[in-house]
Amino acid sequence: TKSNPFIKALHTTIFSPSKSDTESPTLSSAMATPEEAKLHQFLQWLELNRAELRGCRIKYSESSKGFGIFSSNHASDGILLVVPLDLAITPMSVLQDPLLGPECRAMFEEGEVDDRLLITLFLTVEHLRENSSWKPYFDMLPTTFGNPLWFSEDELLELKGTTLYRAAQLQKKTLQSLFDEKVKRLATKLLTLDGHPERDVKFEDFLWANSIFWSRALNIPFPRCYIFPMDSEGQDSDISSKIVNSATQTNGCGSLSNGESAKVPEYDALQDKVASAASISQGEIVWVEGLVPGIDFCNHDFKAAATWEVDGTGATTGVPFSMYLLSVSQLTRVLPDQKAGENPSLIEKEISISYGNKGNEELLYLYGFVMNDNPDDYLMVHYPVEAIQNVDFSDSKAQLLEAQKAELRCLLPRSLLNRGFFPPSNSSEEDKDKPVSSQVCNYSWSGQRKMPSYVHNLVFPANFLNALRTLAMKENELYRVSSLLEELVGSGGERQPTDTEVQAAIWEACGDSGALQLLVDLLNMKMLDLEEGSGTEENDTELLEKARTAETSEDCKESRTSDIAQNHLLSRNKQSSIIYRRGQKQLTRLFVKEAEHALQLALTEEL
């Protein structure tokens, strides 16, 4: 990665305002807000580091969003913002930092930190350094977050019964252990280099850095030559190779790449869903996680107004090795009398990007917000692994589960309902005709088991139903499976049956009714957990409606009305939690309906 002389010298220049700066009405006015003062410093910092705001401006959006990017009428080619990749905070840039780099390199080479923890540690330390050259950027960042790690005990209780409740508890415990056992010591060591060994590093400092990373990091497609500078013998940099190939398990959250990322039983399942490799080498492109100041002020929307791209050569932006924000309107037809990139209706509108097709569970876990009526919501259902030992013939069933590579958990996206027995009224005919997954095996035995008529409306994943069939098997069915497999592979065990053969034998012996009954039981148990303490879906809707009414009545002159409104006001975190859990209850109700109907059909056809 190229070194950045602007960053190195920044702390000696950015805080020495020029004459034009001191004459700026934003700074000289006694009425300037703290947000305006921070923004003024940040814009100077961006300009000094060669970032260009071409068709947008950064301004304070609202308390729930912080700063955002808004359109202006300057864009002639749809390019709204250009930021040199030299300004990105990546593992490579951390290792090249003139003060902290050498010590960070030693920590990385000794295996004390991986690439994600390296960035998080750097953010922790730089945020505490009074003379940090990143101060104008850090001053613009939020100080608290809406993800469950920052919830009060009272707010966290609103998540009870959901997947996130357990996940948040385990994540915070994991982060606390990581801080106590490693981060505090390493951060203190780095602060010593700055001449402040006495500065106390608190867990909240690390929590802030962790939340900044996971809510703002992008998976950046760097040109290979930028990441791997050649040495004098034409070889790739060894430390860069280690970074690109290093495993990244810290905190287990995902990354996002141009609107695509970055569920617990509990914690582990959520980690699996959102975790991804930190970097993937594909030809001349190397994907590396990092923060890009400026670009990261784009907020999320389903209908993105922009997308980001990387310009390796400068052919598009005139700035080689840069990331730029491109208006989505450039991808649509431009009216004859309208210049490219200009749309009068978009002036002063917030420019959003898409963080990807994420349900409220992921949005709340990673970014600290939810979306009403989120079309990408999903429900996670799992069979507890620890419960297998309590079922009849547990050892035999465990062997069968392993043989067929069965899944004990599944994600049920809302979109599956479009193809089920009771599709929503707004689903298209195309959605209804799409099969969910291959539910059909090539059965080869007696032919007594007929293919069910409902198989193409079954919305539940085949692998999960395979596991439930195995767990629900009765004694006679277990013997039947054993007999069928012995008939296939021979009593001497000349070969092992394939996973497909095991699945086929179990289906022929058991059918669907046992699995579907177990699925109905799991879903009903999930609903009981969701409703315990918080009531039904209707109760949540009532709470949200009262809160909205209270917010509009908060400024009411009549004190009695205002007092009543105060009783129904909800914090932002509580509102997010209620919206999320209401969606979970709704999905559970709808999938219970699907499972119960499939069960009735299975029982009828298996008579």
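No donor-acceptor pair closer than 3.5 Å links the side chain of K574 to the backbone N or O of L569. The backbone N or O of E112 lies less than 3.5 Å from a partner atom in the side chain of K182, making a donor-acceptor pair. A donor-acceptor pair under 3.5 Å is absent between the side-chain atoms of R582 and the main chain of T541, judged by distance alone. The backbone N or O of L366 lies less than 3.5 Å from no partner atom in the side chain of N147, so there is not a single donor-acceptor pair. Between the N466 side chain and the A462 main chain, a donor and an acceptor come within less than 3.5 Å of each other. With hydrogens and angles ignored, the 3.5 Å screen pairs no side-chain donor or acceptor of K303 with any backbone N or O of S352. In terms of modelled atom types and a separation under 3.5 Å, the side chain of E361 and the main chain of L164 share no donor-acceptor contact.
In the displayed structure, E532 atom CD is contacted under 6.0 Å by at most 12 heavy atoms of other residues, nucleotides or ligands.
For the pair K450 and E605, the salt-bridge criterion is not met [side-chain N within less than 4.0 Å of a carboxylate O]. Between R581 and E158, at least one side-chain nitrogen of the basic residue sits less than 4.0 Å from a carboxylate oxygen of the acidic one, meeting the salt-bridge criterion.
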* Asked: What do the steps show when you test K184 against D200 for salt bridge (Lys or Arg N to Asp or Glu O under 4.0 Å), and what is the final call?
  -> CA-CA 9 Å; K184 184 177 177 65; D200 186 30; 2.9 Å; yes
* To do: May I have the step-by-step check of salt bridge (Lys or Arg N to Asp or Glu O under 4.0 Å) for R216 and D296, ending in yes or no?
  => CA-CA 6 Å; R216 307 180 83 89; D296 63 348; 3.0 Å; yes
* Test side chain to side chain donor-acceptor pair (under 3.5 Å) on T536 and N539 and set out the steps. => CA-CA 5 Å; T536 64; N539 294 138; 3.2 Å; yes
* Kindly determine whether Q399 and D395 satisfy side chain to side chain donor-acceptor pair (under 3.5 Å), including the steps that lead there. => CA-CA 6 Å; Q399 291 177 13; D395 290 342; over 6 Å; no
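Counted by atom type alone, T162 and Q584 present zero donor-acceptor pairs between their side chains at under 3.5 Å. Of the N and O atoms on the side chains of D499 and Q503, not one donor lies less than 3.5 Å from an acceptor on the other residue.
The shortest side-chain heavy-atom distance between I579 and N374 does not fall under the 4.5 Å cut-off. In this structure, the side chains of V201 and F179 come closer than 4.5 Å at one or more pairs of heavy atoms.
When every heavy atom of L471 is checked against every heavy atom of K397, the shortest pair comes out as O-NZ, 3.0 Å.
By the ring pair (Phe, Tyr, Trp, His ring centres under 6.0 Å) test, F297 pairs with F42, sequence neighbours left out. With sequence neighbours left out, Y479 forms a ring pair (Phe, Tyr, Trp, His ring centres under 6.0 Å) with no residue at all.
The aromatic rings of Y355 and H300 are tilted relative to each other, their planes meeting at an angle between 30° and 60°.
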